[in-house]
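Have a look at the structure below, then the notes.
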Amino acid sequence: MSPDLHYLLLSTILCFVQVLIAATGTNTQVSLPKLAGNRDNMPEIVGWPGRARRAHLNMLENMVVFATLVLIAAVAGKANATTAMGAMIFFWARLAYAVIYLIGIPWLRTLAWAVSVIGMVMIAWVPLQAM
């Protein structure tokens, strides 16, 4: 498995762990029957469970772009040291983002997100150069 795909796998696992943390936290504020139901009129989830949910949703938004870029580089045969470094940067920045968001440090969270975007730009740059 290439390093790019390895970090895609790790990022997918991170995304899954984030949903488990968010669901567990939400369950502390809302009863399990409410969560298992249609979730009509759900109260706002606050505190760390709310931050966990928002961090997970942000991860989902970014995973779409990250996975697409990694797969394009792989299918085009353009995966190299730069795309591997970009994938590694993305993963570690997203892990930091999740922890920082859970703790609740706003500006540092934004910095971690920006670093993850740099990782995605690195991956996108390689196939673009070949055009």
Side-chain angles (χ1 to χ4, degrees):
M1 180 182 304
S2 71
D4 309 54
L5 292 175
H6 175 77
Y7 282 108
L8 178 56
L9 173 62
L10 290 178
S11 297
T12 303
I13 292 168
L14 174 60
C15 188
F16 181 66
V17 168
Q18 284 184 269
V19 77
L20 295 176
I21 292 169
T24 301
T26 300
N27 193 42
T28 65
Q29 292 185 16
V30 181
S31 67
L32 184 56
K34 182 78 169 175
L35 287 176
N38 291 330
R39 298 183 182 192
D40 293 331
N41 302 313
M42 284 281 286
E44 181 182 0
I45 307 302
V46 296
W48 75 263
R51 291 191 302 274
R53 182 178 185 282
R54 291 188 299 276
H56 174 253
L57 292 175
N58 187 271
M59 180 65 167
L60 286 174
E61 292 170 356
N62 284 269
M63 278 294 292
V64 171
V65 177
F66 175 66
T68 301
L69 291 171
V70 168
L71 294 174
I72 287 170
V75 169
K78 301 297 179 186
N80 62 20
T82 301
T83 61
M85 178 66 75
M88 182 185 74
I89 289 169
F90 175 86
F91 171 74
W92 289 109
R94 292 308 308 194
L95 179 61
Y97 178 92
V99 171
I100 292 164
Y101 206 160
L102 201 58
I103 295 169
I105 308 171
W107 289 101
L108 191 55
R109 178 194 81 221
T110 302
L111 178 62
W113 173 82
V115 171
S116 76
V117 170
I118 290 168
M120 289 190 286
V121 169
M122 289 173 68
I123 300 166
W125 182 252
V126 172
L128 281 174
Q129 284 182 308
M131 293 178 69

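This structure is a prediction, so every number in the text was calculated from the model and none was measured.
In this structure, Leu14 CG and Arg94 CZ are separated by 8.0 Å, a value rounded to the nearest 0.5 Å. Between the CE atom in Met122 and the OG1 atom in Thr82 there is a gap of 5.5 Å [rounded to 0.5 Å]. Taking CG of Asp4 as the start and CD1 of Ile72 as the end, the distance is 12.5 Å to the nearest 0.5 Å. Atom CZ in Phe16 sits 13.5 Å away from atom CE in Met59 (nearest 0.5 Å). One finds the CZ atom of Phe91 at 8.0 Å from the NE2 atom of His6 (value rounded to the nearest 0.5 Å). We find the CG-CD1 distance between Leu111 and Ile100 to be 7.5 Å, quoted to the nearest 0.5 Å.
For the pair Asn38 (side chain) and Asp40 (backbone), a donor-acceptor distance under 3.5 Å is absent. No donor-acceptor distance shorter than 3.5 angstrom exists from the side chain of Arg53 to the backbone of Pro49, with no hydrogens or angles considered. Checked by atom type and distance alone, the side chain of Arg51 pairs as donor or acceptor with a backbone atom of Tyr101 at under 3.5 Å. Judged by distance alone, with hydrogens and angles left aside, the side-chain atoms of Asn58 form no donor-acceptor pair with the main-chain N or O of Glu61 at under 3.5 Å.
Tracing side-chain contacts under 4.5 Å through hydrophobic residues (I, L, V, M, F, W, Y), one reaches Leu9 starting from Met88; they form part of the same cluster. Linking ILVMFWY side-chain heavy atoms closer than 4.5 Å, directly or via other members, places Trp125 and Met85 in two distinct hydrophobic clusters. Val75 and Val126 are members of different hydrophobic clusters when ILVMFWY side chains are connected at heavy-atom separations under 4.5 Å. Under the 4.5 Å side-chain heavy-atom criterion for Ile, Leu, Val, Met, Phe, Trp and Tyr, Leu60 and Trp113 are members of distinct hydrophobic clusters. When the side chains of ILVMFWY residues are joined at heavy-atom separations under 4.5 Å, either directly or via intervening members, Met120 and Leu128 end up in two distinct hydrophobic clusters.
Counting heavy atoms of neighbouring residues, nucleotides and ligands inside a 6.0 Å radius, atom CE of Met63 exceeds 12 of them. The number of heavy-atom neighbours closer than 6.0 Å to CH2 of Trp48, taken from other residues, nucleotides and ligands shown, is above 12. Atom NZ of Lys34 is surrounded by more than 12 heavy atoms from other residues, nucleotides or ligands within 6.0 Å.
Nearest approach of Pro127 to Ala124, heavy atoms of both residues: CD-O, 3.3 Å. Smallest separation of non-hydrogen atoms from Ala93 and Ala112: CB-O, 3.5 Å. Contact detail for Gln18 and Ala98: the closest heavy-atom pair is NE2-CB, 3.6 Å. Closest approach of Ala87 to Ile123, counting heavy atoms only: N-CD1, 3.6 Å.
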Next on the checklist: Under the criterion side chain to side chain contact (heavy atoms under 4.5 Å, CB included), I'd like the reasoning laid out for Tyr97 against Val115: C-alpha separation, chi angles, the key distance, then a yes or no.
Outcome noted: CA-CA 10 Å; Tyr97 178 92; Val115 171; over 6 Å; no
Next on the checklist: Trp92 vs Leu95, test: side chain to side chain contact (heavy atoms under 4.5 Å, CB included). Steps then yes/no.
Outcome noted: CA-CA 5 Å; Trp92 289 109; Leu95 179 61; 3.5 Å; yes
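Val117 is not listed as a side-chain neighbour of Val65, based on a closest heavy-atom distance of 4.5 Å or more. No side-chain heavy atom of Thr83 sits less than 4.5 Å from a side-chain heavy atom of Val70.
Among residues at least two apart or in separate chains, ring pair (Phe, Tyr, Trp, His ring centres under 6.0 Å) pairs with a member in residues 52-90 are Phe66-Phe90.
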Name every donor-acceptor pair, under 3.5 Å, that has one atom in a side chain of residues 19-30 and the other anywhere in the protein, sequence neighbours excluded.
unit_1	atom_1	unit_2	atom_2	d
Thr24	OG1	Leu20	O	2.8
Thr26	OG1	Ala22	O	2.8
Asn27	OD1	Leu32	N	3.4
Thr28	OG1	Gly25	O	2.4
Gln29	OE1	Val46	N	3.1
Gln29	NE2	Val46	O	2.5

